[in-house]
Amino acid sequence: MKLAEPLVKVLWLVDGERLAMVFIYEAMDQAKEKIKRAYKDKVAKYGPIWIIIDERWNNQLHHPIHIACNWVFLNPQYHYKAKETGALKGEVRDGLIDCIDCMIPLECDQLEIHRQVITFSNASGTFGKNLAKIAREADKPGKQKFQFSNSKYLFC
């Protein structure tokens with residue numbers, strides 16, 4: 001039960017809801033931490049389980065495009081919190097750079113994207129406006145419904 005419950009919850013999310021990868025990544029991290037705590041932080045007990053999870057995760061779901069685009073870098077809800085904690089370094093930043101390098105052939109376009117990422121990351125321009133800051137917490141990817149004051153306008 002110590003092992004099954006956290007993993008079943010992740011599988012339930014994957015199967016039952018149409019969530020962005022960011023939420024699946026977060027759920028998997030939480031599941032691994034619950035398993036670790038259930039085994040009282042004893043690596044000898046939870047370590048082999050983590051190895052199995054990580055092997056499956058790395059071979060099937062863990063790709064630069066998921067890391068960079070769907071997780072922290074291009075998701076404002078997590079981006080600005082992660083920037084404060086320093087989580088945008090290493091694997092996440094490398095994933096974004098790998099994606100840009102692979103998907104954008106012209107260096108001049110790569111440079112322009114890099115400049116735009118800096119604007120986003122620094123919350124400059126439009127990203128620094130009050131509405132953008134409020135939307136970081138209010139809007140969840142894949143769950144937005146826009147409704148105007150006149151209720152006949154509803155978009156999904």
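Between Gly128 and Lys133, the closest heavy-atom pair is O-CE, 3.1 Å. Between Phe127 and Ala132 the shortest heavy-atom distance is O-CB, 3.7 Å. Shown here for Pro6 and Ile35, the closest heavy-atom pair between the two residues is CG-CG1, 3.9 Å.
To the nearest 0.5 Å, atoms CD1 (Ile134) and NZ (Lys129) are separated by 13.0 Å. Rounding to the nearest 0.5 angstrom, the gap separating the SG atom in Cys102 from the CD1 atom in Ile97 is 14.0 Å. Taken from CG in Asp109 to CE in Met103, the straight-line distance is 12.5 Å, to the nearest 0.5 Å. Note: Ser121 OG to His114 NE2 = 10.0 Å, rounded to the nearest 0.5 Å. Note that CG of Leu131 is 11.0 Å distant from CZ of Arg136, once rounded to the nearest 0.5 Å. Considering CD1 of Ile118 and CD1 of Ile113, their distance stands at 12.5 Å, rounded to 0.5 Å.
Scanning for side chain to side chain contact (heavy atoms under 4.5 Å, CB included) contacts around Lys45 gives Tyr39, Lys42, with sequence neighbours left out. For Lys36, the salt bridge (charged side-chain N to carboxylate O under 4.0 Å, His left out) criterion is met by no residue, not counting sequence neighbours. In this structure, the side chain to side chain contact (heavy atoms under 4.5 Å, CB included) partners of Gln110, at least two apart in sequence or on a different chain, are Ile100, Asp101, Ile104, Glu107.
Taking the side chain as every heavy atom from C-beta outward, Ile53 and Met28 approach each other to under 4.5 Å. By the 4.5 Å heavy-atom criterion applied to side chains, Ile51 and Glu55 are counted as neighbours.
At distances below 3.5 Å, at least one donor-acceptor pair connects side-chain atoms of Thr119 with backbone N or O atoms of Arg115.
Leu111 and Leu106 fall into different hydrophobic clusters, where Ile, Leu, Val, Met, Phe, Trp and Tyr are joined by side-chain heavy atoms under 4.5 Å apart, directly or via other members.
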